[in-house]
2 protein chains.
Amino acid sequence: MSDLEVRQLRYFVAVAEELHFGRAADRLGMAQPPLSRAIRTLERHLDVRLLERTTRRVELTPAGEALLRDARTALDAVAAADRRARNAGRPAPSLRLALKADYDAGLLPLILAAYQPHEAALPVELTLGGRGDQDPALRDGRADVAILPAPFDRHGLDSEPLLTEPRLVAMAAGDPLAARASLRLADLAGRSLPDGTFADMEGRPSGREGAGMSPPRGARSWDLAQIFNLVELGDIIWFLPVSLARRYPRPGIAYRTVADLAPSELHIAWPRDCRSRPVAAFVDAAMTVAAASFPRIDGRPRMTG
Amino acid sequence: MSDLEVRQLRYFVAVAEELHFGRAADRLGMAQPPLSRAIRTLERHLDVRLLERTTRRVELTPAGEALLRDARTALDAVAAADRRARNAGRPAPSLRLALKADYDAGLLPLILAAYQPHEAALPVELTLGGRGDQDPALRDGRADVAILPAPFDRHGLDSEPLLTEPRLVAMAAGDPLAARASLRLADLAGRSLPDGTFADMEGRPSGREGAGMSPPRGARSWDLAQIFNLVELGDIIWFLPVSLARRYPRPGIAYRTVADLAPSELHIAWPRDCRSRPVAAFVDAAMTVAAASFPRIDGRPRMTG
DNA sequence: ATCACTCATATCGCCAGGGTATCAATCGCG
DNA sequence: CGCGATTGATACCCTGGCGATATGAGTGAT
């Protein structure tokens, strides 16, 4: 009759992800036997078989798959409770803004200027994360609000689009394609992108969900300087919003328009059912600024898609 | 460095709700000293003061208020993981539909008939709950989908309106007002309703949230037969949707229209971010049936408000 | 000043949960 | 077909966390 415990969920998630008791125990920093026992206890507690296991293979039952999903969100919720309580207890609580470095389309100073005077405003603390780390940060309470490019995993979040801006391709200045008058995605087929995918896969959803998921775990995360270096060397090409291209003019790199390259959508996102006034005020400031400053980005009226 | 545990959250919620260590310990079925110690441990772990306590009073700090909210949703998420895994593990998993008894506007047989042929359909299991028990049931995993009248607490849920139907007032047949040609809410001032509130408070949000909250904990829940008896005796009056009035014609009870009584909105709700095909199919069936059958309810086109 | 109330501290005992050693089952290989 | 390697399960011990009881100490009311 006792309760499900966080530890049991953590253990189960580790085993379900590794599909291997030894490695999971390793990851959890414990020995394998107590882990086996804990899973068994969990199964008895739920009166459900979660893993079908032989000595050579471990696989999830349907119930296990269901629990894996629910356990992840439950663990996120617990972690969020932890982190938010910590932040709320600090003498001067701050608004933690998660941002992909430089992916603010130049709006950040304007947004901050619009936000600070608000009566509910808190000091803003920037949390710069790698690619695809903004949305998880919101879910597990590391951040209160995030500005990030679509697509991202909307699970557990509310969001609003801030602005849409065209993207350019960055390539080495000496690249033969840089001399072309116009480019299409097809011309870039086979070129590799910073995340290891290829240019002609651009925009295609990788997972089953059309809503757009974060890149898979383990995707390499580069910082901007690294990317620019690789581009200049001709190793990769890169798609980036015009605002970012303007911020980093560089002799060795050519920026070109690509006729059929989807534009970039910058969104602002926050935890669902968030009742925090500072967050609401920040979202409001960001949307106001974005709406007002958009014409400066490319001179055309706002559009989506 | 250890993790936040479910037990700690349960303890904290109990104390935060009771604002009294003794009563909270009582509710948790334990002694007071270990509870005090557990809270102290939790505070040290989070490095935050959650409760300001003297020997005579206990009150929440801002951090405590934040944690109370987050802890409740985290506990709901854990309970949901538990219950959903249990259900998914059953040899024949079912779709658990939470329903306020008889509040289906006569749609239930039609919805079931529309749902059963669907390829993703599961056997439907009815969970009849008392007043205001449908939405919590969704949040903690006791149910997969619910049909319930607005307003309800939308926190953590997605929902769609099914239909809007006028409400009538039920009163004793001998009531002087039953003879009146037309009624307004003001005429009913002072009459008490089944939930202990008064007729002239009808429709006013009790909490701070305009979104509409569930009735407060501890609100008495009556079954229909009890309510009808009390109405017939003249102890109370009752507002109910026309479909319900038609289902229970009764000599001792008069049903009358009230000109300024807000209509009843029936909604279908399910846990947010639900990826279950059976649930999606059920929602689809319900909305189709509601849209198709609505003209039969009152002959007018659908409207809201 | 005393009493009642309530939260904190001290101390003890138990068992949940982790560690080590070992067994048992399955697959690969010659 | 037999042997070894791999991997999950079982047996057993032991520590630390958690709960209970007894008691202390601060505060408000009469």
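Note: hydrogens, waters and symmetry copies are ignored here, and every other heavy atom, side chains too, is used. Per chain, numbering begins at 1; letters A, B, ... match sequence-line order.
- Summary of the strand contacts: A/Glu5 and B/Arg57 both lie near DNA chain C, and taking for each the nucleotide with the nearest heavy atom, the more 5' one is attributed to B/Arg57.
- For the pair B/Arg44 CZ and C/dA8 P, the computed distance is 13 Å after rounding to whole Å.
- For the side-chain contact (heavy atoms from CB on, under 4.5 Å) with B/Asp82, the qualifying choice from A/Asp70, A/Leu67, A/Val48, A/Leu46 is A/Leu46, the only one to do so.
- The CG atom of A/Leu19 sits 13 Å away from the P atom of D/dT7 (whole-angstrom rounding).
- In this structure, the CE atom of B/Met30 is 12 Å from the C1' atom of D/dG17, given to the nearest Å.
- Residues B/Pro34 and A/Phe21 each lie close to DNA chain D; by heavy-atom proximity, the contact nearer the 5' end of the strand is made by A/Phe21.
- Among C/dA8, C/dG18, D/dT7, the nucleotide with an atom closest to any side-chain atom of B/Pro33 is C/dA8.
- Residue-level contact check: B/Thr55 touches the bases, meaning some heavy atom is under 4.0 Å from a base atom.
- For B/Ser36 and C/dA8, the shortest distance from a side-chain N or O to OP1 or OP2 is below 4.0 Å.
- Place A/Tyr11 and A/Thr54 on DNA chain C by their nearest nucleotides, and A/Tyr11 ends up nearer the 5' end.
- Among the protein residues, A/Arg56 comes within range of the nucleic acid bases, having at least one heavy atom under 4.0 Å from a base atom.
- At the heavy-atom level, B/Arg37 lies under 4.0 Å from base atoms of the strands shown.
- No more than 12 heavy atoms of other residues, nucleotides or ligands sit less than 6.0 Å from atom CZ of B/Arg57.
- Candidate nucleotides D/dT27, D/dG8, D/dG19 were compared by shortest atom distance to the side chain of A/Gln32, and D/dG8 ranks first.
- One interatomic measurement links the two molecules: CZ of B/Arg23 to P of C/dT6, which rounds to 7 Å at whole-angstrom precision.
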Side chain to side chain donor-acceptor pair (under 3.5 Å) for A/Asn87 and A/Arg90? Distances and angles first, verdict last. CA-CA 5 Å; A/Asn87 187 54; A/Arg90 291 165 50 186; 3.1 Å; yes
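- Because its NZ or CZ atom is both nearer than 6.0 Å to the ring centre of A/Phe152 and within 45° of the ring axis, A/Arg154 counts as a cation-pi partner of that residue.
- Rounding to whole angstrom units, CD of residue A/Glu18 and P of D/dT7 are separated by 12 Å.
- Atom CZ in A/Arg7 sits roughly 7 Å away from atom C1' in C/dG17 (whole-Å rounding).
- Residue B/Gln8 contributes atom CD, which lies 15 Å from atom C1' of D/dG19 at whole-angstrom precision.
- Taking 4.0 Å as the cut-off between side-chain N and carboxylate O, A/Asp3 and B/Arg7 do not count as a salt-bridged pair.
- A straight line from CZ of B/Arg40 to C1' of D/dC18 spans 17 Å, rounded to a whole angstrom.
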